[in-house]
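Beneath this line is the structure, given in structure tokens, with notes to follow.
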Amino acid sequence: MDVLTTQTLSGVQTSIEIAGTVAFALSGVMEAARKKLDAVGVCAVASVAAFGGGTLRDVLLDRRPLFWIEQSWYLWSVLGLCIAAMVLMRAKHFKPTEKSMQWPDALGLGLFAASGTQIALGLQMPALIAVLMGVITATFGGVLRDIVCNEIPTAFHDHHPYAVCAFAGGWVVVVLHYLGFYPNAVVAIGAATVTLLRLAALQFEWRLPTWKIED
Amino acid sequence: MDVLTTQTLSGVQTSIEIAGTVAFALSGVMEAARKKLDAVGVCAVASVAAFGGGTLRDVLLDRRPLFWIEQSWYLWSVLGLCIAAMVLMRAKHFKPTEKSMQWPDALGLGLFAASGTQIALGLQMPALIAVLMGVITATFGGVLRDIVCNEIPTAFHDHHPYAVCAFAGGWVVVVLHYLGFYPNAVVAIGAATVTLLRLAALQFEWRLPTWKIED
Amino acid sequence: MDVLTTQTLSGVQTSIEIAGTVAFALSGVMEAARKKLDAVGVCAVASVAAFGGGTLRDVLLDRRPLFWIEQSWYLWSVLGLCIAAMVLMRAKHFKPTEKSMQWPDALGLGLFAASGTQIALGLQMPALIAVLMGVITATFGGVLRDIVCNEIPTAFHDHHPYAVCAFAGGWVVVVLHYLGFYPNAVVAIGAATVTLLRLAALQFEWRLPTWKIED
């Protein structure tokens with residue numbers, strides 16, 4: 001089913017996946033720029049942000065070859081994107097606003113969470129592990145990006161639902177998978193759930209429940 | 001022998017292993033609290049602290065499935081512990097003191113070092129590698145916890161014997177292993193050695209030999 | 001070819017490889033000293049600097065056993081080096097200058113980049129992936145060293161060509177490999193290219209093209 005899913009990925013899904021990868025890579029470019037990294041640092045941090053989550057998932061599950069090794073146009077694309085972004089930023093003082101990146105980022109979050117969960121289910125992982133693999137796929141690119149840039153990961157301290165949306169959507173994928181839905185439908189509904197949850201969280205300014213500790 | 005060891009793990013050993021995992025997870029909760037992470041960050045850092053060392057060992061040795069994937073009740077337990085800790089800290093201003101965590105932490109250090117060494121010996125690793133795998137199992141959860149929280153790892157700069165206790169106990173495991181002791185006895189004696197060394201180090205305030213460098 | 005290459009490594013190449021490993025390990029010792037780590041931290045950071053790049057490459061490519069596990073004299077050597085360095089620094093206030101480490105560092109960069117690329121080519125990786133594996137082998141020891149020491153990686157923000165030299169030399173390896181040169185010649189010419197580029201970059205103070213971003 002895993003292989004089947006990959007083979008029958010429709011053009012729409014592929015487009016969304018590319019949009020998500022681009023959004024994650026751009027988030028890396030932006031953070032690298034804030035930290036005044038050089039050109040090598042920009043490409044490295046963008047790659048870590050775009051591929052880090054899926055790579056960690058595959059290393060934990062022992063799946064090889066890694067997706068960006070098997071389909072190396074991914075790497076070329078991110079390299080091209082970085083060079084284009086650096087040239088644009090230099091020439092036009094163009095800078096993607098945080099707002100303009102929320103939509104593709106939410107799309108990427110959804111698709112990576114849903115496909116990561118499904119890949120793990122295809123390997124007969126138990127439900128909790130599969131959901132966790134989806135969360136790792138969707139969020140650890142950003143976590144590793146922040147660690148490389150010497151910051152505490154945003155996903156761990158901004159009190160906004162991000163990993164939690166991926167977690168919730170992962171359970172939707174699990175339920176639909178066990179109900180026997182077509183793989184494509186499972187990914188589509190799961191990804192849409194995550195993306196809509198994330199957009200709602202941004203729109204309505206939901207916050208994670210707070211908890212206090214004296215210092 | 002590796003499989004046998006796992007199968008014949010007595011209830012006592014399992015209890016110690018759980019106590020160690022709980023202590024390591026709690027150390028993650030505490031550090032996450034100090035850094036004012038949100039609920040997601042607390043769970044993530046606690047998991048990294050509890051499972052990071054064993055996971056790195058298994059990735060380096062190419063052992064799969066990972067122990068927390070095979071026995072996913074580990075993950076449920078740590079998630080439950082995190083929620084309980086957050087609720088308790090919020091309601092009761094309860095905070096485990098550093099002192100109260102030294103005992104379970106020393107137990108965890110001992111058992112993880114001894115079992116990590118034995119697992120590597122079971123895979124025919126040379127002695128130094130096996131001892132090193134024990135040290136990694138016992139200490140890299142804490143190291144990764146500190147890296148995620150944007151700190152220099154405590155194990156690398158507090159000048160107290162911690163990894164060194166695991167290193168010494170690892171050699172005890174190696175010697176007993178080659179002398180043909182029963183696997184359970186090897187782990188028990190090795191773990192006890194590490195734990196006692198660590199408690200002695202705390203009690204008598206041993207320090208690593210200092211060395212100076214001008215700036 | 002991969003195996004063949006390893007088997008026919010000449011004494012000269014082995015010496016260079018050792019010089020590179022020593023240089024990388026020493027860079028770890030130096031950074032650990034600047035950060036006032038303890039003896040455990042010095043050994044850990046030196047090992048990460050010396051073995052981190054090759055280890056990450058092998059984990060990404062799923063090559064086992066890892067080179068420092070198969071040939072554990074590597075580990076003994078780095079441990080011995082650390083102890084010697086600590087004793088020397090303490091007794092004699094001896095400190096390797098940054099300048100004195102540039103030569104062995106450039107040698108290590110060259111040999112690790114060339115051999116990393118060739119190993120990946122031997123596994124039938126596409127050209128871009130192979131070159132990238134060379135860059136990772138040569139630079140990620142230093143990157144991980146800086147992350148552990150809570151710094152933004154130097155390779156990502158000092159605006160001097162470092163990874164770029166490894167990248168350029170990797171393509172030389174790829175071209176010579178496809179032209180059918182002997183493996184030893186491929187590594188030798190590739191490594192020399194990287195090393196000379198790096199030394200030229202230092203000598204003539206080349207800088208990466210700058211790009212601006214408003215804050």
Side-chain angles (χ1 to χ4, degrees), chain A residues 28-48 51-52 55-56 58-60 62-79 82-96 144-152, chain C residues 53 55-64 109 120-121 123-133 135-136 138-140 142-168 170 174 201 206-215:
Chain A
V29 172
M30 300 305 302
E31 184 146 342
R34 269 194 297 273
K35 292 282 179 175
K36 306 199 184 304
L37 301 192
D38 57 29
V40 168
V42 169
C43 295
V45 173
S47 302
V48 164
F51 305 133
T55 301
L56 181 58
D58 286 356
V59 167
L60 293 176
D62 212 14
R63 291 175 81 229
R64 301 293 155 75
L66 298 172
F67 65 100
W68 51 269
I69 287 183
E70 200 164 33
Q71 301 174 280
S72 58
W73 62 267
Y74 266 112
L75 266 178
W76 285 111
S77 311
V78 167
L79 283 183
C82 290
I83 290 168
M86 284 187 280
V87 169
L88 257 175
M89 283 176 171
R90 189 181 189 177
K92 301 271 181 189
H93 300 288
F94 166 80
K95 204 173 86 172
L144 292 173
R145 173 200 68 203
D146 293 347
I147 290 175
V148 169
C149 288
N150 206 14
E151 296 281 348
I152 294 181
Chain C
T55 301
L56 181 58
R57 175 201 65 212
D58 285 355
V59 167
L60 293 177
L61 294 177
D62 212 15
R63 290 175 82 229
R64 303 294 154 74
L109 184 77
L121 286 172
L123 296 171
Q124 321 302 336
M125 291 293 143
L128 176 65
I129 300 293
V131 171
L132 195 71
M133 288 298 150
V135 174
I136 287 174
T139 63
F140 262 74
V143 167
L144 293 172
R145 172 200 69 202
D146 293 345
I147 290 175
V148 169
C149 287
N150 206 15
E151 297 281 349
I152 294 181
T154 312
F156 294 167
H157 80 118
D158 78 347
H159 290 272
H160 291 291
Y162 188 77
V164 165
C165 302
F167 191 78
V174 166
W206 291 344
R207 288 177 65 83
L208 294 177
T210 55
W211 58 289
K212 284 243 174 82
I213 181 172
E214 74 272 40
D215 287 318

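In what follows, chains are A, B, ... by sequence order, proteins preceding strands, each numbered from 1.
Atom CG of C:D62 and atom CZ of A:R63 lie 12.5 Å apart (nearest 0.5 Å). The structure places CG of A:L66 at 8.0 Å from CG of C:L61, a figure rounded to the nearest 0.5 Å.
Contact of A:V148 with chain C is made through backbone and side chain together, with heavy-atom distances under 4.5 Å. The parts of A:I69 that come within reach of chain C are both its backbone and its side chain, each placing non-hydrogen atoms under 4.5 angstrom from that chain. No part of C:D146 comes within reach of chain A, as not one of its non-hydrogen atoms sits under 4.5 angstrom from that chain. For C:I152, the parts sitting under 4.5 Å from any heavy atom of chain A are the backbone and the side chain alike. Using a 4.5 Å cut-off between heavy atoms, A:D58 makes no contact with chain C at all. Heavy-atom distances place both the backbone and the side chain of C:L60 under 4.5 Å from chain A.
Here the shortest heavy-atom pairing between A:K36 and C:H157 reads O-CB, 4.3 Å.
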Steps toward side chain to side chain contact (heavy atoms under 4.5 Å, CB included) verdict (C:Y162, A:V40): CA-CA 9 Å; C:Y162 188 77; A:V40 168; over 6 Å; no
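When each of A:E70, A:R64, A:E151 is checked for heavy-atom pairs under 4.5 Å with chain C, A:R64 comes out on top.
Contact check for C:L132 versus A:W68: side-chain heavy atoms found under the 4.5 Å cut-off.
Looking at A:N150, its side chain never comes within 3.5 Å of a backbone N or O of C:I147 through a donor-acceptor pair.
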